[in-house]
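The figures that follow rest on heavy atoms only: side chains count, while hydrogens, waters and symmetry mates do not. Keep in mind that this is a model prediction, so the values were computed, not measured. Counting convention: from 1, in listed order, for ligands and their atoms alike.
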Amino acid sequence: MNCFVVFGMQWGDEGKGKIIDVLSSKVSHVIRAQGGNNAGHTVVTGKKQYFFHLIPSGILYPKVKCYLGPSVVIDPLFLLSEIKNLIKQGVSLSNRFFISKYAHVIMPYHKTYDIAMEKNRGNSPIGTTAKGIGPCYMDMVARRGIRICDLLDQKEFAKILKENLSHPLYPLGASDVFEKIYADYLCAAKELSQYVADVETMLFKARIHEEKILLEGAQGALLDVLFGTYPYVTSSHTQAAGICMGSSIPPTKLDGVVGVMKAYTTRVGNGPFPTEIKEGDYNPFASCESIREIGVTTGRKRRVGWFDVPLAKQVIERSGITSIAITKLDILDDFEEIWVCTKYELEGKLVECIPADLSSFSKLVPIYQKIPGWKQSITNCKSISDLPPKAIEYLEFLQCHLDVKIDIISYGPQREKTIVSGRCL
Ligand code: IMP
């Protein structure tokens, strides 16, 4: 595959970072397609640990070029600190990290507004990351956003910033606020300008030369602003079509779509989660800390539940997934039984089509199939044939229900704890 998408099939935090890291070694270019510093993941290589929020982790491979695409929303001060941290850890970005001029800029008032909107939602906040993601996309769609190319043009930047600061949405219009933001952002723009490039043309040329390109999605399919559990979603298109657009790669040039899913399900923030394990339910999961289910960006504990076939199938249908990577299989090592939701009931009837409205969605009753666990550690497995037969049965069960091949199996944060069948590349 020359051009392929890698994205999360659940509510984010599927372990995409590690899969993208493993696949990045096989490509020449990695482009992050959407979202902003609401995302976060850790990559462990030997004794070193790297934290990523915006920059693709492909940057750890010296021959790979990395890009922030046109649909990414960028907090310039945050990005600078991420760049500085990577440089401090010995990673070189020069001539291999590029920012699209079309990308929109997160402003301080976006963060203030994000927090204010959450307060305004009273008892049903979305649980955003408070990074200003939603308001930045809001300004983009309202045609008053500031793009990287505008930030680099002092006059244009001043003009749009003044207009926005006097907008009734952002009650911050004092001139000292303008002066402070203007100065801080111009300073950041000066530092970032070395990385700004014609990303779209560079990727077009790479395609013409048949170089391999990985399109990196952020968050997860069920947080998609259109097809996710609206309004408990993020503000970008997290599914494959959105990732194509956000990378400037035409859909006709895509060779494959790799969906990443956990062997179970987690969610951070609020919103419906039909297979969530509640108090009093059968719960073989250890504490969030010990199963590494603490958010990298916000430090919040993730809600935990069972694998959900109907939701995964909907994502497969709408994103055209051609290959699956399953992560965190090792977390199920000690389980007596593993539950999988294979169907839903709504008001006593089997559901054929997942309801779009939140009130029906929240009433879905999962129907579980219980699968015997393998009850042994898989940490030293090196190939599929090393896996216990019951672990293989679990993978085959999922594969059969989803009708897509599982090509990558991850069972620990380290790179070497991965089995890649090779078919997906
Ligand atoms: P926002 O993207 O900050 O607006 O947050 C909207 C929702 O998406 C909240 O429920 C967040 O917890 C969730 N979210 C945003 N980014 C991520 C991510 O990278 N992983 C998991 N959840 C996320």
**OP:** Taking salt bridge (Lys or Arg N to Asp or Glu O under 4.0 Å) as the test, write out the residues that go with K301, two or more places apart.
**Re:**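 Here the qualifying residues are E289.
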
Subject >> Contacts of type salt bridge (Lys or Arg N to Asp or Glu O under 4.0 Å), residue K111, not counting sequence neighbours >> reply: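 Salt bridge (Lys or Arg N to Asp or Glu O under 4.0 Å) list for K111, sorted by chain: D75.
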
Subject >> Test: E293 and K262 ion pair at under 4.0 Å >> reply: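 A salt bridge links E293 with K262.
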
Original post:
Do R303 and E276 sit within salt-bridge range, that is, some charged N less than 4.0 Å from a carboxylate O?
Top reply: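 Yes, R303 and E276 are salt-bridged.
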
Original post:
For ligand 1, what are the residues with a heavy-atom contact below 4.0 Å?
Top reply: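 For ligand 1, the residues that come within the 4.0 Å heavy-atom cutoff are W11, G12, D13, N38, A39, I126, G127, T128, T129, Q219, L223, V233, T234, V268, G269, R300.
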
Original post:
If you count the non-hydrogen atoms of other residues, nucleotides and ligands that lie under 6.0 Å from CE in M138, is the total more than 12?
Top reply: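 Correct, the count exceeds 12.
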
Subject >> Non-neighbouring partners of F78 that pass ring pair (Phe, Tyr, Trp, His ring centres under 6.0 Å), sequence neighbours left out >> reply: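 F78: ring pair (Phe, Tyr, Trp, His ring centres under 6.0 Å) contacts with H53.
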
